[in-house]
Amino acid sequence: MTIKIFNTINRKKEIFKPVKSGSVSMYVCGPTVYSHPHIGNARAALVPDILFRLLKRKYDNVTYIRNITDVDDKISDAAFKQKKTVYEISETFIKIYQDNMASLDILEPTYQPRVTDNMPGIVSTIEKILKNGFAYISEDHILFDTSKYKEYGELSKRTLDEMIDGARIEVADYKKSPRDFILWKPSSNDQPGWESPWGLGRPGWHIECTSMIKSIIGNENTLDLHGGGNDLIFPHHENEIAQGSCMSSSKYCNYWFHNGIVLVNKKKMSKSLGNVILLEDLLKNNKSNSIRLALLSAHYRQPLNWSESTLIESNNLIKKFSSLARSFVGDINKYENLDNEIIDILSDDLNTPEAIKHLSALSKAAKTNQKDLASLVVSAKFIGINLLAHNISTLKAIDEELVKSLVEERFNARSSGDFKKADEIRDKLLSMGISIKDLEDKTVWDYNPDN
RNA sequence: GGCUAAGUGGCAGAGUGGUAAUGCAGCGGCCUGCAAAGCCGUCAACGCCGGUUCGAUUCCGACCUUAGCCUCCA
């Protein structure tokens with residue numbers, strides 16, 4: 001099994017080879033914890049989750065790091081507006097983030113470092129960059145000097161001139177160049193701040209990732225994989241490369257991968273457009289299997305246009321797969337290598353739509369073949385979809401006795417030829433979210449609120 | 001304005017130098033008291049214009065359109 005991944009820095013699909021054979025390090029930019037996670041955050045966690053599962057299958061030792069940004073002006077703003085402490089806000093949303101991700105069966109990373117736990121490391125990383133001559137101090141800010149780093153722009157493929165010409169922003173007057181970015185900035189008393197050689201302050205946005213990566217894998221080691229949403233390519237990841245390359249003699253990272261963003265009505269979600277879809281709301285009314293499948297229905301590098309039908313379609317597919325899966329009798333373990341094929345498919349740059357097609361093909365074959373049915377269950381499980389789980393929504397309590405008696409009443413009506421009454425009862429059951437199926441000698445029912 | 005991507009049937013969405021998966025929807029049929037589910041069958045697509053090539057949807061260039069980034073962003 002060879003894993004291929006599209007490397008953003010070279011703009012092509014490459015065969016993945018870790019620095020140390022048998023051992024892989026991967027870092028992904030995690031959430032800034034200031035509000036409820038949305039469907040885009042879920043995609044950004046789910047794409048690396050699939051890669052993580054794949055890597056674990058192939059390599060003995062996989063270190064997956066996903067940070068938590070718990071220092072940020074957005075968090076401070078939220079705290080101010082809600083009259084809470086910064087700490088209360090971040091703790092609340094860390095918990096919610098982790099709960100939501102767990103609901104989607106997204107595996108826990110090996111490490112989830114928090115910025116607030118890593119201040120000494122961040123300070124010493126900045127000191128290294130200063131000492132190496134790639135940063136300067138201006139009006140109590142420490143700034144990275146992009147003019148000193150000749151490769152700047154290698155990831156986003158922009159030259160400094162292009163960026164400066166195209167910039168529409170007002171340039172802070174303490175910057176030598178509009179592209180220079182903040183490593184450390186001063187905090188006033190009402191802002192979160194930490195003691196540093198440069199006084200009370202807090203880190204800039206980019207430095208935390210570099211610092212936490214290096215503190216886990218070692219200053220002089222190269223990270224194998226680094227991922228995130230493609231809106232992070234510039235400036236965030238570009239800046240990380242610059243910092244990381246100027247505080248260590250080793251290459252910063254070998255493979256960069258970026259997922260496309262989630263669009264709603266063909267537009268990026270934003271609060272101003274009012275089209276943000278929160279995970280919390282989706283999880284109230286949908287099975288995690290369906291949400292997961294919907295997020296995997298497009299290739300990870302493509303934008304994913306989210307709509308009502310996205311979820312309906314994946315839900316239909318899940319229902320079909322699940323009802324088949326539940327008909328499996330026997331011992332799945334007696335078959336071997338059932339997920340080889342889906343692993344091969346995913347190994348080619350995480351081709352999840354192709355993997356879903358494979359599941360469809362298996363479900364077709366599974367009707368006559370227990371091995372293919374077992375393969376369907378095991379293959380779906382590999383991408384985190386548990387078809388045997390009975391995760392039927394229990395949000396709406398149903399009166400089972402009432403349902404049973406109505407079904408029986410309808411059965412009797414049908415038997416005696418009173419179809420009018422039978423149809424009335426069927427409509428009533430449907431309105432309760434109960435779907436029914438007439439078999440030869442009985443009627444079976446199921447709770448299907450989606451129908 | 002600059003940069004980076006993308007444009008495939010009604011919708012979603014893979015893929016390929018020799019005319020193209022799969023899912024949903026539609027249509028026809030089987031089944032059913034009628035449905036639902038299921039099954040079988042079926043219609044239908046490669047933005048536009050050039051170039052390279054025996055041959056391009058696939059490679060190259062221009063154009064048009066869309067999205068993202070250039071400011072916080074997954």
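What you see is a predicted model; the values in this text were computed from it and never measured. Residue numbers begin at 1 in each chain, while the letters A, B, ... track the order of the sequences. In what follows, every heavy atom counts, from backbone to side chain, and hydrogens, waters and symmetry copies are set aside.
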*Whole-Å distance between B/rU66 P and A/I261 CD1?*
16 Å
*Salt-bridge criterion met for A/K404 and A/E400 (N-O under 4.0 Å)*: yes
_Counting the atoms with a prime plus P, OP1 and OP2 as sugar-phosphate, which does A/S360 contact under 4.0 Å by heavy atoms, base, sugar-phosphate, or nothing?_
sugar-phosphate
*In whole angstrom, give me the gap between the P atoms of B/rG9 and B/rA20.*
15 Å
_Separation between the C1' atoms of B/rA56 and B/rG18, rounded to whole Å_ = 9 Å
*When all nucleic acid strands are considered with a 4.0 Å heavy-atom cut-off, which category describes A/V262: base, sugar-phosphate, or nothing?*
base
*To the nearest Å, how far apart are A/R301 CZ and B/rA67 P?*
21 Å
*Under a 4.0 Å N-O cut-off, is there an ion pair linking A/D438 with A/R414?*
yes
*Provide the Watson-Crick or G-U wobble partner of B/rU19, both distances under 3.5 Å; none if there is no partner.*
none
*Using atom CZ of A/R179 as one end and atom P of B/rC3 as the other, report the distance to the nearest whole Å.*
15 Å
*Take atom P in B/rC27 and the same atom in B/rC43, then report the distance between them in whole Å.*
16 Å
*Does any N or O donor sit under 3.5 Å from an N or O acceptor when you compare the side chain of A/D423 with the base of B/rG33?*
yes
*Nearest-nucleotide pick for A/K364, side chain only, options being B/rC69, B/rG23, B/rG15*: B/rG23
*Assigned partner base of B/rU52, Watson-Crick or wobble definition, under 3.5 Å*: none
_Parallel, tilted or perpendicular: which one describes the rings of A/F234 and A/Y152, with boundaries at 30° and 60°?_
perpendicular
*Mind checking the P distance from B/rU8 to B/rC46? Whole angstroms is fine.*
10 Å
*Verify the contact: side-chain N or O of A/R426 to OP1 or OP2 of B/rC34, cut-off strictly under 4.0 Å; return yes or no.*
no
*Between P of B/rC3 and CD of A/E238, the distance in whole Å*: 16 Å
_Ion pair check, A/R202 and A/E208, cut-off under 4.0 Å_ = no
*Is there a Watson-Crick or G-U wobble partner for B/rU57 with both distances under 3.5 Å, and if so, which one is it?*
none
*Does any donor-acceptor pair link the side chain of A/D438 with the base of B/rC34 at a separation under 3.5 Å?*
yes
*asked:* Rounded to whole Å, please give me the gap between CZ in A/F411 and C1' in B/rU32.
replied: 14 Å
*Same-atom distance (C1') from B/rU32 to B/rA37, integer angstrom*: 11 Å
*Is the phosphate of B/rA36, meaning OP1 or OP2, less than 4.0 Å from a side-chain N or O of A/K319?*
no
*Nearest-angstrom distance, C1' atom, B/rG51 to B/rG17*: 15 Å
*First of A/D72 and A/N230 reached from the 5' end of RNA chain B, by closest nucleotide*: A/N230
*Between A/T32 and B/rA74, is there a side-chain N or O to OP1/OP2 distance below 4.0 Å?*
yes
*In the structure shown, which nucleotide is the Watson-Crick or G-U wobble counterpart of B/rC30, with both distances under 3.5 Å?*
B/rG38
*Give one of base, sugar-phosphate or nothing for A/K74, where a contact means two heavy atoms less than 4.0 Å apart.*
sugar-phosphate
*5' priority, RNA chain B, between A/H299 and A/K420 [closest heavy atom]*: A/H299
*asked:* Roughly how many Å apart are B/rU57 and B/rG13, using the C1' atom of each and rounding to a whole number?
replied: 16 Å
*Is there a donor in the side chain of A/T69 and an acceptor in the side chain of A/N67, or the other way round, less than 3.5 Å apart?*
yes
_Note: A/K364-A/D372 ion pair, threshold 4.0 Å (strictly below)_ = no
*asked:* Rounding to an integer number of angstrom, what distance separates B/rA45 and B/rA12 when you compare their C1' atoms?
replied: 13 Å
*Tell me what A/L232 touches on the nucleic acid: a base, only sugar-phosphate, or nothing, going by heavy atoms under 4.0 Å.*
sugar-phosphate
*Does the ring pair (Phe, Tyr, Trp, His ring centres under 6.0 Å) test come out yes or no for A/Y255 and A/H226, once each step is laid out?*
CA-CA 6 Å; A/Y255 299 87; A/H226 191 135; over 10 Å; no
*Contact class for A/G40 vs. all strands (heavy atom < 4.0 Å): base, sugar-phosphate, or nothing?*
base
_With a 4.0 Å cutoff (strictly under), does any side-chain N or O of A/R158 reach OP1 or OP2 of B/rA5?_
no
*Just name whichever nucleotide pairs with B/rC24, Watson-Crick or G-U, keeping both distances under 3.5 Å, else none.*
B/rG10
*asked:* Applying the Watson-Crick and G-U wobble criteria at under 3.5 Å, what pairs with B/rG47? Answer none if nothing qualifies.
replied: B/rC63
*Would you say B/rA37 has OP1 or OP2 under 4.0 Å from some side-chain N or O of A/K320?*
no
